[in-house]
Number of protein chains: 2
Amino acid sequence: MEKDYKDFEIIVGNKLKEARIEKGISQEDLSINSGLDRSYISMLERGKRNPTLLVIFKLCQTLDISPNLLIKNIEDAL
Amino acid sequence: MEKDYKDFEIIVGNKLKEARIEKGISQEDLSINSGLDRSYISMLERGKRNPTLLVIFKLCQTLDISPNLLIKNIEDAL
DNA sequence: CTGTAGACTTCAGTCGACT
DNA sequence: TAGTCGACTGAAGTCTACA
């Protein structure tokens, strides 16, 4: 059962965007409340960056989703 | 319910180490099988580095633990 | 509201060697 | 077996600005 993580960042970005839309806030709201840069969040959602675990936790806190649920969503999509 | 993430890396490192000991392998085994550097794994376990999400997934695969479970362990410890 | 671009600083992650 | 050190490369994350 090999995992190649080929589209890893794309999947992470998709799941982050889903969670943000679900929450009904803009990238700008998310950036302000999480303390991260808006342009960086844009890149994350488009799969252009590979976030650190700390960034994941910060985003999840603002998105009102538990990190383990987001990670499970990502696992399921891999 | 403020989270300050003050000891975030320490907690992540502790949980990673727990999982490795549970699996019964050395840092070197883990480094070889995950494709990551042994000295880096040493730093991770001691809370000296903040890993990317991709690193977490790679380590979990070798450790035979699902990423969402590791993340849940970390959440519970925060 | 979002994407992108460039320039920037900091840190993730590698590598070899030694304790 | 694990910790650490120094030097290194590439990538994380910031900031300003414009379409």
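Here is how names work: the chains are called A, B, and so on, in the same order as the sequence lines, proteins then strands, and each is numbered from 1.
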Stepwise side-chain contact (heavy atoms from CB on, under 4.5 Å) check, B/Asn68 with A/Ile74:
CA-CA 9 Å; B/Asn68 75 79; A/Ile74 292 167; over 6 Å; no
[atom1] of [X] versus [atom2] of [N]: gap in Å, rounded?
X: A/Asp37; N: D/dA17; atom1: CG; atom2: C1'; value: 12 Å
X: A/Leu53; N: D/dA12; atom1: CG; atom2: C1'; value: 14 Å
X: B/Arg38; N: D/dC5; atom1: CZ; atom2: P; value: 14 Å
X: B/Lys48; N: C/dG13; atom1: NZ; atom2: C1'; value: 17 Å
X: B/Asn50; N: D/dA12; atom1: CG; atom2: C1'; value: 10 Å
X: A/Leu54; N: C/dA12; atom1: CG; atom2: C1'; value: 13 Å
X: A/Tyr40; N: D/dA11; atom1: OH; atom2: P; value: 13 Å
X: A/Leu44; N: D/dA12; atom1: CG; atom2: P; value: 9 Å

Would A/Ser34 and A/Ile41 count as a side-chain contact (heavy atoms from CB on, under 4.5 Å) here? Give the steps.
CA-CA 10 Å; A/Ser34 64; A/Ile41 291 176; 4.2 Å; yes
Using heavy atoms to find the nearest nucleotide of DNA chain D for B/Glu45 and A/Met43 separately, return the residue whose nucleotide is more 5′.
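Whichever sits nearer the 5' end wins; that is B/Glu45.
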Options C/dG3, D/dT14, C/dG13, nucleotide nearest the side-chain atoms of A/Arg46
C/dG3
Phosphate OP1/OP2 of [N]: any [X] side-chain N/O under 4.0 Å:
X: A/Ser42; N: C/dT2; answer: no
X: A/Arg49; N: D/dA11; answer: no
X: A/Thr52; N: D/dG13; answer: yes

What verdict does the side-chain contact (heavy atoms from CB on, under 4.5 Å) test give for B/Leu36 and B/Leu30, after you've listed the backbone C-alpha separation in whole Å, the side-chain angles of each residue and the deciding distance to 0.1 Å?
CA-CA 8 Å; B/Leu36 293 161; B/Leu30 178 54; over 6 Å; no
Residues within residues 5-36 of chain A bordering DNA chain D, heavy-atom distance below 4.0 Å
A/Gly35, A/Leu36
Could you check B/Ile11 against B/Asn73 for side-chain contact (heavy atoms from CB on, under 4.5 Å), going step by step and ending with a plain yes or no?
CA-CA 9 Å; B/Ile11 291 169; B/Asn73 289 341; over 6 Å; no
Donor + acceptor pair across side chains of B/Tyr40, B/Gln27 (<3.5 Å)
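No donor-acceptor contact under 3.5 Å links the two side chains.
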Tell me whether B/Lys72 is salt-bridged to B/Glu75, with the criterion being a basic N under 4.0 Å from an acidic carboxylate O.
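No, this pair does not count.
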Under-4.0 Å salt bridge between A/Arg20 and A/Glu45:
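Here A/Arg20 pairs with A/Glu45 in a salt bridge, since their nearest N and O are under 4.0 Å apart.
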